[in-house]
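In this chain, residues are counted from 1 in sequence order.
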Amino acid sequence: MSSLKLGVEVVGAHDLLAKDGQGSFCPFVELEFDGQRCRTTTKEKDLSPVWNESFYFNVSDPNKLSSLPLEAFVYNHNKAHNAKTSLGKVRLTAPSFVNYSDAVVLHYPLEKRSIFSHAKGELGLKVFVTDDPSIKPSNPLPAMDPDVVPKSIPKEKIGKRHTFFHLPNAKQPQQQQQKVTPAPPQQQMNYGVHEMKSGPQASKVVNMFPGSSSQPFDYALKETSPFLGGGRIVGGRVIRGDRPTSTYDLVEQMRFLFVRVVKARDLPSKDATGSLDPYVEVKVGNYKGITKHYEKKQNPEWNQVFAFSRETVQSSVLEVVVKDKALVKDDSVGFVRIDLHEVPTRVPPDSPLAPEWYRLEDKKGEKKKGELMLAVWYGTQADEAFPDAWHSDAIAPGDSTSVSPTYIRSKVYHSPRLWYVRVNVIEAQDLVPADKSRFPDAYVKVQIGNQILKTKRVQTRNMNPIWNEEFMFVAAEPFEDHLTFTVEDHAGPNKDETIGRTVIALNSIDRRADDRFVRTRWYNLEKSLSDAMDSDRAKKDKFHSRLHVCVCLDGGYHVLDESTQYSSDLRPTAKQLWKSSIGVLELGILNADGLQPMKTRDGKGTSDTYCVAKYGHKWVRTRTIVNSLNPKYNEQYTWEVYDTATVLTVGVFDNSQIGGSDNTSDKKIGKVRIRISTLETGRVYTHCYPLLVLHPSGVKKLGELHLAIRFSSTSMVNMMSQYSRPLLPKMHYKRPLSVIQQDILRHQAVNIVAARLGRAEPPLRREVVEYMSDANAHLWSMRRSKANFLRLTSVFSGLFSAGKWFGEVCTWKNPITTVLVHILFAMLVCFPELILPTVFLYMFLIGVWNYRYRPRYPPHMNTSLSCADAVSPDELDEEFESFPASKSSDIVRMRYDRLRSVAGRIQTVVGDIATQGERLQALLSWRDPRATTIFVLLCLVAAIVLYVTPFQMIALLAGFYVMRHPRFRHKTPSAPINFFRRLPARTDSML
């Protein structure tokens, strides 16, 4: 039998429907899963009962877990009739079954059990799966008693579809009944996780919008027609060729000679001691790669792979040389020579090529002692050995030691799972200051890692200060930092004395996915940090000052670790709230052209570049191409898409870890942003993107990046329904964060992500993470402020034009036009029911007409829109000035920083207003083809409905709807608002 079990913790319910006529009842919960049933205890007269009872069900077949539902029925025990009535049910399926570490308490709304039943309220459940063999399944329900009949169901109609059970502590009916032997009393058991465990658990150039600002041709987006793995791309469609297709169909196939050096045996020794320090040198023409060496080992194992680009191979012989590090440079232990014309070609998904033993030879070609195991084949970048192989394009010809493989390989990174930590500091009791002759002027310092926040100072006369202040922090899994509370006394100027502190492990904090109540706790304050960490020592002291706090991990939020305009993921932290993916995004990073030299090597300008792509939690890094201003990457990556209102970011950087760099920071060469909603489904976008970077001397083009992008939809219905859902998780609307809080938390989240990715191998450096995340986009810039103001004037330009036209009508500038307007106005006054149908039909026709001129290319950086082509040197100097400012006078610095901070918020507000107007323009511009399709069809439907419906009725219903009671309102935005917020704006084209 499988050891897999489903754990269910019934936490509680609230706002249930009373059914006994007295406003209360006796509720209990019955659980059903995989043919097993369990129930909770009955709570007497409680509309919001709390159970906190846990149950475990056996999973008979783990392969069928995805098709097994969990049903929770809430009943009311009616003692007067000894019956149970249904109060509602909850039905959960496989997406809600997660590991215990990811499980949080969720409150599910109760559904009707049948058409004629009623349901109200919510049920709090925590559902998870575990394979811990020490956890025993819960006891099933006791024997069924036919005397317990649900209310309003006659006993004679009880059949196989109605099964009832004996309720404990229920009065038996007064009439005579058939005697049934009662079930033996059950021992009260605790089914909590810790109690059930017996031990520890193992575990061409176009504009984006009509009327867009034009820019120089050299800075514009250009369409390309490369020949990729799936065929030639023409107009976004694949023209199949003679070449067979493969999974890498968005990149050009690159041929490589792969050499796997596995191991050697019986190697001869050439020194007096008989020891050998072997290593292998693989040579093809002017390129050579070297394995690591072993000390005093005659049967070494390397298992290293070398990849030589077939385009650069100018030799017909592969030479593998076994050398001894202790010998002179030109001497060797033995050779293996292989004719490259005899090397086989391997195409995945073929199995890996089996290595063979080769007898070592001397320089004359005579056999000698020792053998070397090798595998040699031709392949492409689709080969599984490609990511971890040593690459010939990572070194200069004739050089094998200039680059460490650690810094040049392609890697995939996953950013850590981020949580918001909500901390409420309530009060303290029995504080004992160092100076007992005075009352403490106390405050609390809360710290997680480098994040420190403080409460206000409070002075009371009873040693029990009350703060009741709430703070928000960011933490990442796995949790490495502790939550530390330090109560301090402000004894005088620059003199703060510690009264006590307590330390809480983040792993022990309650997790929640909604706004349910979290219980508060008292913690003892210790004098030193070591005492606070040592719980056993703390128990020896009988008297403690105490601190009253409420702490929880809020999993219902999406932790913003990037600018909201360029978010690549909008899912909440709690995995139970994740929806299924709606599509797949495929990115082919082809090559770069015309890169500017970032460093000097051997008297010549050169660059060692790599690309980084970020979408959602997944970061990818291509291999570094050394000594090339026209590098070819041809690497393909895939992401799951959960929301189309997200942005893919691709950046190009120069690797500073390779010789010739004048600093230790990886230099930015440029980046590309692509909004998923602007991509047509199934179309392959192959374009050349200019790499534009703003420098103190002005905007510069540092090269071009060739990309191939395809967005494929897995569910058209789910993708279209996304436009009516809230953009962010529900907690952002139920308990919204202020703008200042979001800025502070975003800054902390970026620091955490940068620190974690910087510890990977190879590390993704901090400057790369900050540049990809637009960490400094919120700072003041005169250039950005001008750009946002011009965007705003562009949005209202249509309104200004309409006003100008109406002024011309009023002044009879064109008499014919004026007469026609008068006739039209008279018709609309006489027939007001034609007004709205005419407007919607007009917009429908405009949308259909604009379909011919819809954008066929993704948006890109626009220097004219960004005001980067006409910015003054003084404004650039201000934009690139450090924050805080580095002025000589302290007063000027303070005022200058304050001005920049306030102006930064003003520019954000102006940009947000412009964004809303641009979204209105995007309704009929076909920038987002799916959204425009939905809107155009709705306009047609609205035109028809409004035509056949009396205008007075519509006006009445509209008024009633606007003035509806708060009970009929939702806390989350309505579907039209959600649709509108998902529309694209020109923020993607901002530099």
Side-chain angles (χ1 to χ4, degrees), residues 226 228 248 250-258 284-289 305-314 379-383 385-412 587-602 604-613 619-637 650-661 666-672 688-689 691 702-708 762-765 768:
L228 305 182
Y248 283 70
L250 291 184
V251 293
E252 298 179 8
Q253 284 191 1
M254 300 182 67
R255 302 287 179 176
F256 291 92
L257 172 65
F258 291 96
V284 180
N286 294 330
Y287 293 91
K288 63 178 179 180
V305 180
F306 300 85
F308 299 89
S309 176
R310 198 167 183 178
E311 294 181 357
T312 60
V313 173
Q314 299 177 355
T380 66
Q381 67 268 46
D383 201 292
F386 178 81
D388 295 326
W390 173 96
H391 291 272
S392 60
D393 54 9
I395 64 168
D399 185 11
S400 61
T401 60
S402 61
V403 184
S404 171
T406 303
Y407 297 101
I408 64 174
R409 290 174 177 166
S410 58
K411 290 294 178 182
V412 176
L587 171 66
I589 304 176
L590 305 180
N591 62 287
D593 287 334
L595 296 181
Q596 297 297 315
M598 294 289 110
K599 62 186 70 170
T600 302
R601 183 180 297 127
D602 298 331
K604 297 180 180 180
T606 187
S607 292
D608 309 319
T609 59
Y610 65 92
C611 298
V612 175
W619 298 63
V620 299
R621 170 178 175 160
T622 68
R623 69 192 190 281
T624 300
I625 308 299
V626 178
N627 275 348
S628 177
L629 297 179
N630 299 283
K632 292 184 178 181
Y633 306 100
N634 286 306
E635 299 185 22
Q636 183 171 340
Y637 300 95
V650 185
V652 184
F653 302 88
D654 178 75
N655 198 328
S656 65
Q657 308 305 309
I658 301 176
S661 299
D666 289 359
K667 294 181 180 179
K668 57 186 180 182
I669 299 178
K671 64 183 174 184
V672 176
C688 173
Y689 297 83
L691 298 174
L702 301 183
E704 295 179 339
L705 181 63
H706 294 253
L707 300 177
L764 202 59
R765 301 177 64 84
V768 174

Closest heavy-atom contact between [X] and [Y]?
X	Y	result
Pro226	Glu252	CB-OE2, 4.2 Å
Leu691	Lys671	CD2-N, 4.2 Å
Leu595	Pro631	CD1-CD, 3.7 Å
Ser628	Thr606	N-OG1, 3.7 Å

Discussion item. I need the single residue from Leu587, Leu590, Leu228 that forms a side chain to side chain contact (heavy atoms under 4.5 Å, CB included) with Val251. Which is it?
Written reply: Leu590
Worksheet item: Can the ring centroids of Phe308 and Trp390 be said to lie less than 6.0 angstrom from one another?
Response: yes
Side chain to side chain contact (heavy atoms under 4.5 Å, CB included) with [X]: which residues, sequence neighbours excluded?
X	result
Thr380	Gln253, Arg255, Ala382
Ser309	Phe256, Glu311, Thr312, Ser392
Asp388	Lys411
Asn591	Asp593, Lys632, His706

Look only at the side chain of [X] and the backbone of [Y], and say whether a donor-acceptor pair between them is shorter than 3.5 Å.
X	Y	value
Asp383	Ala385	yes
Gln381	Met254	yes
Ser607	Gln596	yes
Asp608	Asn627	yes
Arg409	Pro762	no

What's the separation between atom [atom1] in [X] and atom [atom2] in [Y], rounded to the nearest 0.5 Å?
X	Y	atom1	atom2	answer
Gln636	Thr622	CD	OG1	14.0 Å
Leu702	Asp654	CG	CG	10.5 Å
Arg621	Leu764	CZ	CG	6.5 Å
Ser656	Lys599	OG	NZ	7.0 Å

Worksheet item: Would Leu707 and Ile589 count as a side chain to side chain contact (heavy atoms under 4.5 Å, CB included) if you check the C-alpha gap in whole Å, the side-chain angles of each, and the deciding distance to 0.1 Å?
Response: CA-CA 5 Å; Leu707 300 177; Ile589 304 176; 4.2 Å; yes
Discussion item. Exactly one of Phe306, Phe258, Phe386, Tyr610 should register a ring-ring contact (aromatic ring centres under 6.0 Å, His included) with His391. Which one does?
Written reply: Phe386
Worksheet item: Got a sec, which residues hit ring-ring contact (aromatic ring centres under 6.0 Å, His included) with Tyr633, two or more places apart in sequence or on another chain?
Response: none
Item to complete: Given side chain to side chain contact (heavy atoms under 4.5 Å, CB included), test Asp666 with Asn655 step by step and report yes or no.
Response: CA-CA 5 Å; Asp666 289 359; Asn655 198 328; 4.2 Å; yes
Fill in: Residues that Ser410 engages under side-chain hydrogen bond (donor to acceptor under 3.5 Å, both in side chains), provided they are two or more places apart
none
Practice prompt. Apply side chain to side chain contact (heavy atoms under 4.5 Å, CB included) to the pair Arg601 and Ile658, showing each step before the final yes or no.
Written response: CA-CA 10 Å; Arg601 183 180 297 127; Ile658 301 176; 3.5 Å; yes
Worksheet entry | Chi angles and distances behind the side chain to side chain contact (heavy atoms under 4.5 Å, CB included) call for Val620, Glu635 | CA-CA 10 Å; Val620 299; Glu635 299 185 22; over 6 Å; no
